[in-house]
Amino acid sequence: MNIHKIAQYLNDLADESVTGHSFDCQPIAGEVDVLQISIVGREELPIFVSVTDDQILCITYLWGESEIVSDKRAEMMETMLEMNMPMPLSSFAKIDDKYAVFGALAISSSLAEIEHELAVLSDNAIDVIDDFSEYLV
Amino acid sequence: MSIFKKIMTAIRGGVTEAGEAIVDANSTRIFEQEIRDAENHLTKAKRDLTDVMAKQMQASREVERIQREIATNEGYASQALEKGDEALALEVAEKVASLETELSAQQAALENFTASVARLKELIKKSERQVADYKRQLSVVKTTDSVHKATAAITDNFVSGNSKLLNAKESLERIKAKQQNFDDRLKASEQLEAESGDASLEAKLKAAGIGDQASSANSVLDRIKAKQK
């Protein structure tokens, strides 16, 4: 599996998608190949996909450290831990000073599974921002 | 120190400048080489195991054969004794004695092989666990490295692309607004569809002569005729 295969699949999907979403893929050049995936209507929350030797990582950034209401930070963290397991397929993460939700798939996953993962991740991200807005400025 | 602790230390240590690797590539390569070596040893150990198991089977067959031969010869010896031929019985007994020596040698060999098989199997299991653990650790290292580099690429892309990551709440509001807009349009088009659908149905009914009919001179005349009867 590599990001080009994923991009090809998602671009070819068009209206055939079983998740009801349309995907727009844009590879980002760098030391590690990253695929930026925008779901139509949700361009503000792109998903970044990278492929390593044994897993496929799908990441959506949520908010930065600066967006958190400072005296609610600890409470937010606790809520994140509590929410981590009920949230289907995705987990919370922190990358540098940004919080994120991500899903990791085995490298042997099918393209349909990846599509499903992306749709769920996007839904999760939107729900999380909605539900966590009390902690955000 | 576990691999997670190492990674945590590296991240906390502020090794987050773009281009500065959290895990140095050289030690990753060394680690990969160690995994390959361990896998080679494993392959060799498995080959050895096959050899030893073959020898074990041979020895076990040999033990059975000698045991059978001893039993047969003991039968011969007692038959000779029954016939009163002590000399022949002694000759057979000597053969049995030499067979027993052979048997104990084969049994010792068999025990040896059995012990080797058990040891090799244990060794293989241990190596397999080790290789799996090394691979898991390498995966942690590589994932950390990959995410680090991916983040750098994403950040660069956003900076150069002149677009910025929006504030989370703003993003959500925009997405919701778009969704609302889409829903509204969908609703509107459904309504439109329903209205035009009704209209066309009425037209069809009328054409088929069902439902409200415009009065015609003929129908009025028919009605009057019906009353006269």
Side-chain angles (χ1 to χ4, degrees), chain A residues 3 26-36 38-64 66-69 93-100 102 104 106-107 122-123 125-137, chain B residues 8 11-12 14-23 25 28 31-32 35 132 134-161 163-183 185-186:
Chain A
I3 63 160
Q26 190 75 46
I28 297 176
E31 239 186 299
V32 170
D33 279 339
V34 181
L35 189 63
Q36 178 176 342
S38 300
I39 291 185
V40 173
R42 301 173 172 183
E43 290 79 1
E44 289 78 4
L45 290 172
I47 299 172
F48 298 98
V49 176
S50 59
V51 178
T52 61
D53 287 353
D54 56 0
Q55 59 180 350
I56 303 162
L57 274 179
C58 310
I59 302 167
T60 297
Y61 289 99
L62 294 172
W63 52 78
S66 61
E67 293 174 53
I68 304 166
V69 178
K94 194 181 179 202
I95 306 161
D96 299 336
D97 64 343
K98 287 189 189 67
Y99 292 82
F102 79 102
I107 194 79
S122 177
D123 289 345
I126 289 176
D127 284 350
V128 162
I129 297 176
D130 211 354
D131 297 340
F132 278 68
S133 52
E134 57 175 304
Y135 305 118
L136 303 174
V137 291
Chain B
M8 261 159 59
I11 293 174
R12 288 274 160 76
V15 199
T16 45
E17 293 295 311
E20 195 176 346
I22 285 189
V23 184
T28 309
F31 203 33
E32 280 173 325
I35 291 174
Y134 279 168
K135 282 187 173 169
R136 184 185 59 88
Q137 291 192 33
L138 186 64
S139 164
V140 174
V141 170
K142 283 197 160 176
T143 305
T144 309
D145 199 36
S146 170
V147 169
H148 184 64
K149 285 175 181 162
T151 311
I154 293 162
T155 314
D156 287 353
N157 184 62
F158 269 93
V159 172
S160 67
S163 47
K164 74 176 188 76
L165 287 167
L166 288 164
N167 167 301
K169 274 185 169 175
E170 285 168 15
S171 297
L172 182 66
E173 269 155 32
R174 283 168 65 155
I175 290 170
K176 276 184 171 173
K178 274 189 271 190
Q179 183 62 43
Q180 189 61 50
N181 185 26
F182 176 79
D183 288 348
R185 284 212 326 258
L186 195 66

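For the numbers below, each heavy atom of this structure counts, side chains included, while hydrogens, waters and symmetry mates do not. Letters go in sequence order (proteins before strands), and every chain restarts at 1.
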Smallest heavy-atom separation, T143(B) atom then L57(A) atom, equals CG2-CD1, 3.5 Å
If every non-hydrogen atom of A150(B) is compared with every non-hydrogen atom of V32(A), which pair is closest and at what distance?
N-CB, 4.3 Å
Counting only N and O atoms by type, is there a donor-acceptor contact under 3.5 Å from the side chain of E67(A) to the main-chain atoms of A168(B)?
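Yes, the answer is positive, given that a donor and an acceptor are paired below the 3.5 Å cut-off.
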K169(B) side chain vs L136(A) backbone, donor-acceptor pair below 3.5 Å
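At least one qualifying donor-acceptor pair exists.
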When rounded to the nearest 0.5 angstrom, what distance separates [atom1] in [X] from [atom2] in [Y]?
| X | Y | atom1 | atom2 | answer |
| --- | --- | --- | --- | --- |
| I129(A) | E173(B) | CD1 | CD | 11.0 Å |
| T151(B) | I95(A) | OG1 | CD1 | 5.0 Å |
| S171(B) | L45(A) | OG | CG | 5.0 Å |

Does the side chain of Y61(A) come within less than 4.5 Å of I154(B)'s, by heavy atoms?
yes
Options I28(A), V34(A), I126(A), ranked by heavy-atom pairs under 4.5 Å with chain B, top entry:
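Option with the top pair count is I28(A).
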Check ring pair (Phe, Tyr, Trp, His ring centres under 6.0 Å) between F31(B) and all other residues, then give those that pass, not counting sequence neighbours.
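Ring pair (Phe, Tyr, Trp, His ring centres under 6.0 Å) list for F31(B), sorted by chain: Y134(B).
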Any Lys/Arg nitrogen of [X] or [Y] sitting under 4.0 Å from an Asp/Glu carboxylate oxygen of the other?
| X | Y | result |
| --- | --- | --- |
| D130(A) | K176(B) | yes |
| K178(B) | E44(A) | yes |
| E43(A) | R174(B) | no |

A104(A), part contacting chain B, at a heavy-atom distance under 4.5 Å:
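When you check distances to chain B, no heavy atom of A104(A) falls under 4.5 Å.
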Would you be so kind as to tabulate the donor-acceptor pairs closer than 3.5 Å made by side chains of residues 46-53 of chain A, with sequence neighbours excluded?
unit_1	atom_1	unit_2	atom_2	d
T52(A)	OG1	Q55(A)	N	3.4
T52(A)	OG1	Q55(A)	O	3.2
D53(A)	OD2	K142(B)	NZ	2.5

